[in-house]
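The chains referred to below are lettered A, B, ... by the order of the sequence lines, with proteins before strands, and numbering in each begins at 1.
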Amino acid sequence: MSEAMQVKKALAPASSFKLVRTLGIVATLSGVLVVSVYDFTQPFIAANKDAMMAKAVFEVVPGVVIRKNFVLTPDGLVPDNGKADGAKVLAGYDAEGKLKGIAAEAAAPGYADVIRLLYGYDPECQCITGINVLQSTETPGLGDKIYKDAAFLANFEALDARLNAKGDALAHPIVTVKHGTKASPWQIDAISGATVSSKAVGKALNDSAQTLLPRLANEWEKLR
Amino acid sequence: MQPDSAMFIFLNALIVNNFVLASFLGICPFLGVSGRLNTAWSMGMATSLVMIISSVCAYFINELLVAMDLEFLRLICYIAVIASTVQLVEMAMKKFSPALFRALGIFLPLITTNCAILGLALFQTFRDYSFTQSLAYSLGAGGGFTLAIMLMAGLRERLALANVPSVSQGAAMSLMLGGVLSLAFMGFAGLGG
Amino acid sequence: MALLSFLRKATFSHGIHPPENKDTSDMAIKRLPFAPRVVVPLSQHFGAPAVALVKPGQEVVRGEPIARAEGFLSVPMHAPVTGVVESVGLMASARGPKVPSIVIKTHAAASQRVLWGAPRDVGDMDAEAIILAIQDTGMVGLGGAGFPTHVKLSVPKKYTIDTLVVNGCECEPYLTTDHRMMVEYPQDLIAGIHIAMKAVGAGRALIGIEDNKPDAARALRGCIPQGAPIDVVEVETKYPQGSEKLLIKTLLGREVPSGGYPYEIGVVVQNVATLAQLAQLLPESQGLIERVVTISGPGVKKPGNYLVPLGTPLRFVLEQVGFSGDASQLILGGPMMGNSVASLDVPVTKTVSGILVMSQGKEERGAGKVHPCIRCGKCLEACPVNLNPSQLGRLAAKREYKMMEERFHLNDCFECGCCSYVCPSNIPLVQYFRIAKSVNRERAA
Amino acid sequence: MSSDLNPQKPITMDTFMRGVWTENPVFVMLLGMCPVLAVTNSVANALAMGLATTFVLIGSGTLVSLLRRAIPKEVRIATYIVIIATFVTIVDYAIQAISLEIYKSLGAFIQLIVVNCMILGRAESYASRHRISKTVVNGLGTGVGFTLALLCIGVVRELLGAGTLLGFQVFGEGFQPWVVMILPPGGFFVLGAWLLLFAWLKERSAARATATEGKEVVHAA
Amino acid sequence: MSQPPLRVELRTSPHLRTTLTVETIMRNVVYALLPLCAFAVYQFGISALALILVVTLSCLGTEALFSRASGKGNTLSDYSATITGLLLALTLPPGFPLWMGAVAGFIAIALGKVLFGGLGFNVFNPALVGRAFVQAAFPVAITTWTPPFAPGRFVEFIPSTLALPFMQPPEVKSWIDGLGLDGYTGATPLALQKFEGVTSSAIDLFTGMAAGSLGETSALLILLCGGYLAARRMMNWRIPVAMLGGAWVTAALLHWANPGHPDPWFVLFSGGLLFGAMFMATDMVATPVTPLGVWVYGIFMGFLTVIIRVFGGLPEGVMYAILLGNAAAPLIEHITQPRIYGARKRKVES
Ligand SMILES: Cc1cc2nc3c(=O)[nH]c(=O)nc-3n(C[C@H](O)[C@H](O)[C@H](O)COP(=O)(O)O)c2cc1C
Ligand SMILES: Cc1cc2nc3c(=O)[nH]c(=O)nc-3n(C[C@H](O)[C@H](O)[C@H](O)COP(=O)(O)O)c2cc1C
Ligand SMILES: Cc1cc2nc3c(=O)[nH]c(=O)nc-3n(C[C@H](O)[C@H](O)[C@H](O)COP(=O)(O)O)c2cc1C
Ligand SMILES: Cc1cc2nc3c(=O)[nH]c(=O)nc-3n(C[C@H](O)[C@H](O)[C@H](O)CO)c2cc1C
Ligand code: SF4
Ligand code: SF4
Ligand code: SF4
Ligand code: SF4
Ligand code: FES
């Protein structure tokens, strides 16, 4: 509350006692209102957020029941306590607590604006298991096929993301290829007419996987 | 370009998703103060200035509020701090650079509480921009606003001498111009991707 | 560009090339008979009107002063014919409203030799005396606005003149009076140049002639005495080459400062006809009583260059040369700068260089529909002073006269009409500008 | 000045209709243009935005009206802004609690209600001078006017741009959507088109009026 | 005084004017466009013919409607609406549904021209306003290309052409496959280059043997028709020269810095650059009038075209470059006012 008071003082330089008192009353009133609404809504909001996340993660890592949040700091993977800095990694487990896979965010500029997506990765098969577009303003009818077109989404059911022998990069970079020319499991078949958006998805995945997966290589035990 | 690079953020706010024409912030001054080129220029400059100031302010207030777990006061603090900072800048300007004050001064109070400024602060918070990113964003937004309002003012000065039908004079015309400008800026889609 | 300029004729930038129609250029100057009655307006040139010296009923002889100058910026008038003053009062004029004029009834039988004046030796006179003497001749510029010649030759003390520019361009279509003057009276012109050089203290003279008049250039070159500091320069045939500002640019590369006069950059400009006339009148102490006029146009039966006594009414002139009835327009002067008149009672004055009778042709500005400006930019490419007539025109249409003056240099427009000529939208640009200027002048007053 | 500004006057239909029609904040006053253009790409967004704004209008109006005698002149605007910001924050949390989907599609524009000049304008020129009941009715009118305007724009944009209304297919399968309508230019065009329509109607009725007047004069003569 | 015996008119000077009038200019632009239309019909068949007719009639109809409503009388006779229609049609893909063409024509005239006061007052190129609108409204249809010289083109419509009003056009992919044209991929040379790195043969680009919008395919024909207009001084040659020069230099610099970027000659002859520079950037109504401004304007548009093509999400940027050029025209004009004759060095104190 204290900042709010100071701020209001700054707004009214001619601060006689009455001015300060009125402002104080109003500020207190607002504060009380805001805080009570905040307290009241917080559980609902948290539940909403959780449900949304659960749905998103379930889509990219099928079979997830329990989720845990981690952060990949320079010193390694640590549980997310809200303070650590680094890339967020969501680990998903089935009901028995067995690791089903992880989910992470990726982004790249698409046709209209940045496309943000969540993708799942399964350490067992060393492949990407699904994507969920979190944010996109791609053109309806063209670019929006990256989350509406079933054929395109099928690319990500088991997209090869193996590490190379040295373990410092993907064995095969993930690339988007022209529609109808997909030949290898690490390639993404572009949507005809929305090559730009398709390529953005490929780029986002490749950028994220190339940096994240090598660093996770030694961390899987912590997740299990 | 990486989507979180400062350059990308700058270009995005400047042209690709122009702050005014695609993000719809600062529409009121864009429509209202775009009648003459020189006022539009002053408005653009003043807005850019206030944007940079408020972007910096908002960044630090947010850090402070997050640290103190007072995020629910964010909106109230943003608007209050931005308003008072601009007031201070105005006073300082009056004292140290009367010429600049004469050029921009009358616009400052008008700007303080418009949505371009608060929108900038809120968007940079929503997108978790770092300090550099915020700065790049505010520069892009200020530039984008100035660009849009200058183009608009140029067109409107030309149209002031045209035989515009009475029905389409005024706000309707400005909106249509804004629409065509917005169409034209769609050409920048995907730039830097 | 710099390389090419060796190959090109000396010229200024922009301007236009209207069809020349100079069919009368080979026709020698002929004298027109005297009209039964002549009308001499007291104000027929730039400056204060003259004051009448005669009363109705008074006999005058050809060449006699009939009105005196009123102050320095004014010139006297001389009787163009021998006859009797019929009246002194308001008469129709080319400018529209009626103006005070002296009407003289010609003595049909009287000899029309000039009986006034006495010879004198111009070579003995100093600059000041020359200028006073010129005022007495009643000379005004025969090339353009009719500015009193003696005023133009009295350069303020603080400026020194290095060059006298002699304007023999005659860039207006149809007109050939200057051309004929140069071909027929080259000696007089050279003499006139010497007088003017002396009056202004110029060390040299440049005669600018458009390259469509090689015979005139040849004639003049043949007359220039060995070693005299006088040069003939052939310049590109292009309208408005003859405008003094542009001729100076062409010949000397100098620009008359905006709102200023040529003397500020050491130049005085005189028209060839003015100087030739001067050389004829000054040694005899005579006054200006007649001038050469090109009478031409599709509506004229006997086009030609005629020596016409001042004050001769148009009706008489046209009767003499014959004209067809379907004339649509009568122009005094050239088609680009001249005025159109509606009354045949208007007299020929000192500034009338041509009388054109036009019939409806497709070249004429006329019924053509006026469109809004399509911003083709042709007017900007035509304007010799680099104005933006397109913008000026738009402003004029919205009556933004002040803005025209303050931001778009309206007052630098010298009304050459190039912009109106080229405009595909048929917008009367220069006409707008005249209105704008006069409104501004009124508001300022 | 019109009678309604007299604080003593009772509540009339005009108190309400003024904001809805004659002083419609969008079509007549052209206030708060940013949300009007930004969130009208679907009817649902337009409706949510309209309701949120109405709530803030009424809430802040009530509080301002309540405190109108206590607030000193000098800190008037600052107080109003704090009050408005409070209600905006409340709405913001409420929407998050109701539906994150809507919250995401409205983005920062909910919070930007703070700077909507319409709300500050109402607080300053109406709420601070009238009793609560009148303020509420007037605020409701203005809010309804704003919401209706948003809906006018939103319906056209969603109908043409996606062939749907509130997400339900209207035109059937083969309909070709006009994507431009839900893109940013569409916002400008649709609002511009409404203004053109109103201007044209006004001009036509004015022309009719003078035409009939002219006739009457003829008859009289 | 007696009355003058003649009926003469009183006018102020100048009493002469050129024979080059707005009507003459516009009529000749139509003449210059007809060969392009004819070639488009030869290349794409009756679908092209139908599209050209529908778009042009839509423009003329809209113009007539509004000029009647605003009491301006007949404004069709200045041919400018015809030009708008023809140019708009020539920038559309051959299989563009006719009803969308009609929408484009209406928007071009209504939003692009009438709104601002008609001929001479539009601030954007009307044809491009129409095209930009339909491009944003129907992005799929406007990026669906069909091959030139399809066997039955003079007897059969492209299926998408005849889509019912307000209905989605049918897929043309199966139709194209059915034509049995070897190696046709449904992409324009520009898209092939941008998305697949395949550069088309220069000779095909030059003579028009490639896919693309109706009017843009034959560089040769465009140069001839544009050259005719330039030679008759009905078009300002500086604009295409500046625009093409600006594009070439920008592309050459980029190509030099990174040979992965397209070759400048390819840039020049592919897509709508040549067509746009010749016929659309030169729409004088929306260009700066100042002589220096014209150069700045052209170079600016050429630069933008290449930047959009190379770095943007779209294979083609000419239309947007010209619209942005139009938008910037007043500003360009503002900073390029000519220096007047005799301008004094320092401000005179007055
Ligand atoms: C108005 C408009 C919107 C477009 N939107 C998208 C889009 O959202 N995503 C995309 O990948 N391509 C979009 N495109 C098409 C691209 O610019 C490009 O032509 C296409 O990606 C090429 O793909 P293709 O080679 O598979 O045909 C759009 C085109 C237009 C004209
Ligand atoms: C108000 C006015 C004052 C002038 N004063 C002088 C002057 O003092 N000296 C001079 O040489 N010319 C003077 N001029 C003459 C002009 O420089 C110019 O020669 C004259 O207007 C004829 O121009 P034109 O025949 O090109 O139209 C003056 C002209 C005007 C209109
Ligand atoms: C557009 C324009 C064209 C002119 N053309 C000629 C010309 O061809 N010949 C000429 O002697 N004077 C021409 N003048 C007038 C000159 O500017 C200048 O006034 C004249 O040469 C001065 O000589 P004067 O005082 O002896 O007449 C023109 C003036 C204007 C404004
Ligand atoms: C060289 C030239 C190019 C033109 N280009 C266009 C054009 O691209 N689009 C258009 O609508 N009109 C064009 N016009 C016609 C005319 O200028 C246009 O209808 C006006 O813009 C309408 O005010 C052109 C005219 C000329 C002379
Ligand atoms: S009067 Fe006319 S024709 Fe004669 S010189 Fe001057 S401008 Fe040329
Ligand atoms: S009349 Fe004036 S504006 Fe027109 S061309 Fe001549 S000087 Fe320029
Ligand atoms: S010549 Fe006429 S149409 Fe062309 S720009 Fe000038 S005023 Fe406009
Ligand atoms: S006199 Fe001049 S300004 Fe007046 S209407 Fe005619 S052309 Fe226009
Ligand atoms: S609502 Fe007014 S500037 Fe955005």
Is it the case that atom CD in D:E101 sees more than 12 heavy atoms from other parts of the structure closer than 6.0 Å? no
Between D:G186, D:A199, D:A38, which residue shows the highest count of heavy-atom pairs closer than 4.5 Å to chain B? D:A38
With respect to chain B, which residue among D:L112, D:V39, D:L195 yields the maximal number of heavy-atom pairs within a distance under 4.5 Å? D:L112
Indicate the ring-plane relationship of D:F109 and B:F123, choosing parallel, tilted or perpendicular according to the 30° and 60° boundaries. perpendicular
With a 4.5 angstrom heavy-atom cut-off, which part of B:F30 approaches chain D: side chain, backbone, both or neither? side chain
Kindly give the heavy-atom pair with the smallest separation between B:M186 and D:P185, and that separation in Å. SD-CG, 3.9 Å
Closest heavy-atom pair, B:S182 versus D:P184, reported as atoms and distance to 0.1 Å, is OG-CB, 3.7 Å
Is the shortest heavy-atom distance from the side chain of [X] to the side chain of [Y] under 4.5 Å?
{"X": "D:L30", "Y": "B:L31", "result": "no"}
{"X": "B:L183", "Y": "D:V180", "result": "yes"}
{"X": "B:M176", "Y": "D:L196", "result": "yes"}
{"X": "B:L118", "Y": "D:Q111", "result": "no"}

Euclidean distance, B:I76 CD1 relative to D:I84 CD1, rounded to 0.5 Å: 11.5 Å
Rounded to the nearest 0.5 Å, the SG atom of D:C34 sits from the CG atom of B:L25 at a distance of 5.5 Å
Find the one option among B:S166, B:S174, B:P165 whose heavy-atom pairs under 4.5 Å with chain D are most numerous. B:S166
Can you check side-chain contact (heavy atoms from CB on, under 4.5 Å) on B:L75 and D:D92, steps first, answer last? CA-CA 10 Å; B:L75 186 60; D:D92 188 62; over 6 Å; no
In B:L181, B:L177, B:L21, the residue satisfying side-chain contact (heavy atoms from CB on, under 4.5 Å) with D:F188 is B:L21
